[in-house]
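Atoms considered below: every heavy atom in the structure, side chains included; atoms not considered: hydrogens, waters and symmetry mates.
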Protein chains: 2
Amino acid sequence: MINLLSNLKISVPDKIFIKDPESSDLGKRIIEHGILLIDEIGFDSFTFKKLGVKIGSNESSIYRYFESKHKLLLYLTSWYWAWIEYQMVFATHNVPDDKDRLFKAIEVVTRTIKEDVTYTHINEVILNRIIINEYSKSYLTKEVDSENKEGYFEVYKRLIHRLREIIKNVNPDYKFPSSLASTIVEGALHQHFLKVHFSSITDCGKAITPTEFFINLTQNALKTNTDESN
Amino acid sequence: MINLLSNLKISVPDKIFIKDPESSDLGKRIIEHGILLIDEIGFDSFTFKKLGVKIGSNESSIYRYFESKHKLLLYLTSWYWAWIEYQMVFATHNVPDDKDRLFKAIEVVTRTIKEDVTYTHINEVILNRIIINEYSKSYLTKEVDSENKEGYFEVYKRLIHRLREIIKNVNPDYKFPSSLASTIVEGALHQHFLKVHFSSITDCGKAITPTEFFINLTQNALKTNTDESN
DNA sequence: GCAAATATAATAGTATTACTATCGTTTTTG
DNA sequence: CAAAAACGATAGTAATACTATTATATTTGC
């Protein structure tokens, strides 16, 4: 699976960037060290000037790739969700049982990220931390609707749609497949955050994982009256 | 109930402000128009200078109440959750059946806010919109841990703890009462957001409410094997 | 191998932000 | 009524989030 993935370029909507960062060495350094710096000082304190210093390049050069730090965040989040999407597709591919497929899919979107050596300039463990800490900021803006129209959130919505379809296969009569799908994905990020910063309002921690919680929640939500198999 | 509440002052941790905005006319105007202005232009574009213009006062005077706009947001969110907490306590008070109590509690934390005339200078409908759009930004910061130690999130955590206890009463064997409680509260905000901005990834809208979704989810999550009553 | 095109670097400049500090005036209150 | 507290006005600062221009380096196409 890792080899299959390594031949694929994770595809990010091209309206997000001015110049594709994958197309040059400087572009890749912007992504690589952008991730590290956002993780280090937080997105709010992050500036292109500081990133320029880190990569020994100039602020103005970074602006030729991304028109703002907000667009860079949109790039990173789209990349992340596309990466998760690929993992979901591969992990659920050829799984014959509908329920098993759903459990696999939930596992992919809720688990703690382990390092992936496929994309050398992107540290997925750190990127995942950025998603947990900063993802909401990418859409909690006054510009959401216009940016949504521009397609900046396509990857994320497609992932939720895929998960919704897998849910519907398990129980076509379930009334809230979209809300369940979006709750699992967003909720998992939230539980991972709580685990680190507000442990008193989550059960997730050393013994219990968000994956366990959401699989249990989903399993019960989709149980039909006549279903005693689980 | 409204009359009972009107005698209560919603209590916000006093470390959040420099001077209690409830203690003066200017303070109340800061809160009242702060809410309106944040809703109008979004928290990111909101500044004390702009607020000063709106209320015919000076930037420097506002700084005498709140040391930063971030603290003002913490004030508003604490106020909001304390207000929700009161409603939850009153709505569940004297409800004999554990399940009914839980459903009432979920309703209070997930429903669409209708206007409340009790607190004249605070428009709860608009404040709710701010919570939906901006709440995450109050804790998704590099300072969460130190601010959490200072008690800035006490009200929110207390609300989640209350909900958790109500959940535990219904099913003491349920393994994830804290995670379920935090998922309901955070998830409801998220579903309300999706309803407005990303309707394709939620079932909530005109026909279905977040309350319905989360009551259904909880009901199924807490069902015991021998429980056929619902 | 060289000219043209492209990419990058360096510098400067702008309006705004998120404050702090000071001072004078008004209002409150003991 | 005097002292204290609150408020308003002004000024100042370092940083932010850019844009614009120009110079230099690198790549490429013929």
Shortest side-chain distance from A:Tyr65, nucleotide among D:dG8, C:dT20, C:dA7
C:dA7
Consider the side chain of B:Arg64, meaning its heavy atoms from C-beta on, and name the nucleotide among C:dT22, C:dT8, C:dA18 that approaches it most closely.
C:dT22
So, are A:Lys137 and B:Glu134 salt-bridged, with charged N and O less than 4.0 Å apart?
no
Of the options D:dT16, C:dC19, C:dT8, whose atoms approach the side-chain atoms of A:Lys50 most closely?
D:dT16
What's the CG-P distance between A:Leu37 and D:dT16, to the nearest Å?
11 Å
For A:Lys19, report the nucleic acid contact type (base, sugar-phosphate, nothing); a contact means any heavy atom under 4.0 Å.
sugar-phosphate
Which heavy atom of A:Ser23 sits nearest to which heavy atom of A:Asp20, and what is that distance?
OG-O, 2.6 Å
Quick one: which of C:dA10, D:dG8, C:dA18 gets closest to the side chain of A:Ser60?
C:dA10
According to a strict under-4.0 Å criterion, is B:Thr47 in side-chain N/O contact with OP1 or OP2 of C:dT16?
no
Does B:Lys49 reach a base, just sugar-phosphate, or nothing at all? Heavy atoms under 4.0 Å.
nothing
Give one of base, sugar-phosphate or nothing for B:Glu59, where a contact means two heavy atoms less than 4.0 Å apart.
base
Salt-bridge present (B:Arg29, B:Asp25; N to O < 4.0 Å)
yes
Shortest side-chain distance from B:Asn58, nucleotide among D:dA9, C:dC19, C:dA18
D:dA9
Rounded to whole Å, NZ of A:Lys69 lies from P of D:dA17 at a distance of 4 Å
Give the nucleotide from the list C:dA10, D:dC18, D:dC7 with an atom nearest to the side chain of A:Tyr63.
D:dC18
Roughly, in whole Å, what's the span from CZ in B:Phe48 to P in C:dA21?
17 Å
Rounded to the nearest angstrom, tell me the gap between atom CG in B:Leu51 and atom P in C:dT17.
13 Å
Do you know the tightest heavy-atom contact between B:Ser182 and A:Gln191?
OG-NE2, 3.0 Å
Charged N to carboxylate O below 4.0 Å: is that the case for B:Glu107 and B:Lys104?
yes
